Amino acid sequence: MNAQTGFEGAVGMTEKLVVIGNGMAGCRAVEEILARDPGRYSVTIFGAEPRVNYNRIMLSPVLAGEKTFDEIVINDQAWYDDNAITLIGGDPVENIDRDAKLVRTRSGHEEPYDKLLIATGSDPFIIPIPGNDLAGVVTFRDLDDVDKMLAAAEQGGDAVVIGGGLLGLEAAHGLSLRGMKVTVVHLMPTLMERQLDEAAGYLLRQELESRGQTILTGANTRVIHGVEGKVVGIELEDGTKVKADIVVMAAGIRPATALAKQAGLECERGIIVDDHMVTSDPDILAVGECVQHRGLCYGLVAPLWDMCRTLAGHLTDAPAGYEGSVTSTKLKVSGIDLFSAGDFSGGDGCEDIVMRDAARGVYKRIVLKENRLIGAVLYGDTADGNWYFDLLKKEEDISDIREGLIFGQAFASGGALADPNQAVAALSDDAEICGCNGVSKRQVVACIDAGSHSVDAVRSTCKASASCGSCTNLVESLLAITLGDGAVESGPATMCKCTSFTHDDVRRLILEKELKLIPQVMQELHWTTPDGCSSCRPALNYYLLCAWPGEYQDDEKSRFVNERLHANIQKDGTYSVVPRMWGGLTTPNELRAIADAAEKYGARTLKVTGGQRLDLFGIRKEDLPSIWADLNAAGMVSGHAYGKALRTVKTCVGSEWCRFGTQDSTGLGVRIEKMTWGSYMPHKFKIAVSGCPRNCAEATIKDFGIICVDSGYELHIGGNGGIKVRATDLLCKVETEEEAIEVCTGFIQLYREDAHYLERTAPWLERKGLDWIKAQLFDDPKRIGRLTARFRLSQKYWQVDPWANRAGGAHKDLHSHLAEVRPLSLENA
Amino acid sequence: MMSAAVGKWLDIGPTSQIAPGTARTLPVAGADEIAVFHTMRGEFYALVNKCPHKQGPLSQGIVHGDTVSCPLHNWRISLRTGEAQGDDKGCTPTIDLKVDGGRIYLLREAVIPPVKAA
């Protein structure tokens, strides 16, 4: 540096540095330059706000009443004076004259520069909706905004915060602490979706709701309502109205590039800078939230410090170069520990390690790629956040500590303890293994010694790991230590690779712990994947809808396409449509409507199905709502030919026409179908009613079959005409239609509540045994009544025609294209 | 210079049109239909709407993590690379996508094969 002084002396003057922006980036850049070469520049700083430089990220604690403005000032007036910096506050720069190398302010003041630094930061994104300019609609960016919010909070009342990201939640927290009733309206289904995955977002939401905030996710604000120019509330796209005395817009930020664009500097989303923070004009530099570096814009403070160091290096002839920043986030809401860093969106070659501790409300997820940590999300216990972030930034090879990595630094670095088996072996005999059931290591080992050689056997004898499952890995270690690795027996198959629980465990725990949402099940039962897989998601959706009729909101994205589109997907991607024909009966009117629909929608094949109805093939997904509307108009509803649900009730003509018929099999079939249609099951479910033992309706290969005889009705169960043919077992014989219907309903509900998802009645019956089923239905005379009551309750909510719903316009997005692309070259051709 | 930057990306609408955990389709005249995915973790991807196995419409599959399970035979396809996962072999072409200011953009040249100027 000293070599330069002679040159500077020759010129006889210091260079003039003008900084636009008196915020964190602008001032930090100046500090960094002063630290390197204090005499090099004479500095003038322009600030839009009429005050000294303060720590913007601490505005949240100011709003929450945890800090005062004085406490968050970074540089007071004395700093400007001591360093001979001219601060021009409250007179914003309005344009840059690059030819004359000067800036011009609103009041007309002109300031020449040798080097110009743009640090204009970002602007809050104002959602373009009606009412966004009403009094009482504020952003959360500077101290003036905080003052406005504090003034509103003094009046009390309702606050709506639009945006459930970092800033929005901090604003909501502050207003809530100040005594307002706060509703957070968030467009995405998960809070802070950029920093958190669904599981952590769920825990955060639960905590905020328990603190009295109302959280609306998947909520799109349509309009802000006002009276006499003052905000009174908001209205969502779905018509929901929320009262509001103040509306805080915290829906994101945009780099403030207006000045740079006007000056003709190259901008995309932000002002484009190179690795030395130089813009497309070599004498103009930029740092902070307003810049775009290697395609990225940053909204956090750490990258800003990195940029300022790089910039100062460049301006003092000691270029260092900036390669971008890895960022981490913490939410500044007291009592909520939340940390996220790096890339946790997964991807090829990425491996997740997930740990959940339901009792402590802890969720930890780390993402590894090629033996390096690339991302982390921690909720509830963030003590190791900095350690993970350090490993991440250093890109350290973690293969040696991988086994214990998720347990944190203390565990992973503990030398010999890094082997989980050794760590467990080192525990004392009195150490508690299972907190839920109070089982010690001694008890578990005794149980293993007594012959429980699998996790499942241990669970069923001493109960260790039978409740929340979080100690499953400890039990596995104890099995391995006690028996040796090879001698551990594997238990019954788990539901899928995402969990250590079996289907039975999951169903039991959903009821015991009153779990009512898929993410809640995954959290409480320690799922090892963030959002499950295509095997467990549909199963959980079914288990929850079966367990909580009327309460559980069906999760369509967890359903197989056929149940989502209410039609059967075919090999060419088109669908087939089967309207219901009660008991296999139809009318000329229905047949005419089907024929018309087949022609109108170009059904290429029309086929009679094995279940006594008609199947229209080759229907496009876009046409489904219209064809359903047409079929509905002729009185037909969905046949659920696509669902894990009640399919058909096949009948023969019975005593009404047949010379052998003993009972009205058709009428009974129609009655049963009218009662059971619409019900979802573990798998598809078929019923048949035959009017005599000749069994023309093939009732003995159905899930539930009725064979009419002179003296009444034989009820058969567990038949299957599929891959493995199985004839039914006789369940019982009854004398009246009413009894037949009661047993049928009781059996269906028993199957619905007990079978594993995708298990037909035939394998279920063989697994449980005919005697068990008989005992469940008949041992306690009151039990069947309770089963049928639960079935009827479920039907109250589920016996609705899904086609009518879609034909009425629901879920249009499932049937329509996002857009269509027609290249001009083809249009013109 | 600017016109090249504007023309490079094709704006296909706001991110709010695709609910997380779902996908929507984008037919392209003269080329393969595209499926645009929104994962539960909030990421967006675009792939040709065809499974490498039997050309099943991937847009109709269940989305989990950053993969989709094909509705026809349950092949699991990476949304990042289009590669079939596990023991299955095959690859679906991916289309470069970016999200900016709440809107989804696809790389124009990947959507529409370049046509020689007349």
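These values consider heavy atoms only, across backbone and side chains, with no hydrogens, waters or symmetry-generated copies. The structure displayed is predicted, hence computed values, not measured ones. Sequence lines set the chain letters: A, B, ... in the order given, protein chains first and strands last, and positions in each chain run from 1.
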For this session: Give a yes or no answer on whether the side chain of A:E563 reaches the backbone of A:K644 with a donor-acceptor pair at less than 3.5 Å.
Result: yes
When rounded to the nearest 0.5 angstrom, what is the spacing between [atom1] in [X] and [atom2] in [Y]?
{"X": "A:I127", "Y": "A:L187", "atom1": "CD1", "atom2": "CG", "answer": "8.0 Å"}
{"X": "B:F37", "Y": "B:L58", "atom1": "CZ", "atom2": "CG", "answer": "5.5 Å"}
{"X": "B:R41", "Y": "B:H64", "atom1": "CZ", "atom2": "NE2", "answer": "10.5 Å"}
{"X": "A:Q523", "Y": "A:Y379", "atom1": "CD", "atom2": "OH", "answer": "9.5 Å"}

Problem set entry | Distance-only donor-acceptor check, side chains B:R24 and A:S816, under 3.5 Å | yes
Exercise. Any chance the side chains of A:D197 and A:Y363 put a donor and an acceptor closer than 3.5 Å?
Worked result: yes
Exercise. Among all residues two or more places apart in sequence or in another chain, which pass the side-chain hydrogen bond (donor to acceptor under 3.5 Å, both in side chains) test with A:H817?
Worked result: A:E622, B:T25
[X] versus chain A, heavy atoms under 4.5 Å apart: side chain, backbone, both or neither?
{"X": "B:T81", "value": "both"}
{"X": "B:L72", "value": "side chain"}
{"X": "B:N74", "value": "side chain"}
{"X": "B:I104", "value": "neither"}
{"X": "B:P20", "value": "both"}
{"X": "B:Q85", "value": "side chain"}
{"X": "B:V68", "value": "neither"}
{"X": "B:H38", "value": "side chain"}
{"X": "B:T15", "value": "side chain"}

What part of [X] gets within 4.5 angstrom of chain B, counting heavy atoms only: side chain, backbone, both, or neither?
{"X": "A:E556", "answer": "neither"}
{"X": "A:S534", "answer": "both"}
{"X": "A:R254", "answer": "side chain"}
{"X": "A:L196", "answer": "neither"}

For this session: Go through A:P530, A:C297, A:G573 and name the one with the most non-hydrogen pairs under 4.5 angstrom from chain B.
Result: A:P530
Problem set entry | Step-by-step salt bridge (charged side-chain N to carboxylate O under 4.0 Å, His left out) determination, A:K557 to A:D555 | CA-CA 6 Å; A:K557 63 181 180 297; A:D555 183 32; 2.9 Å; yes
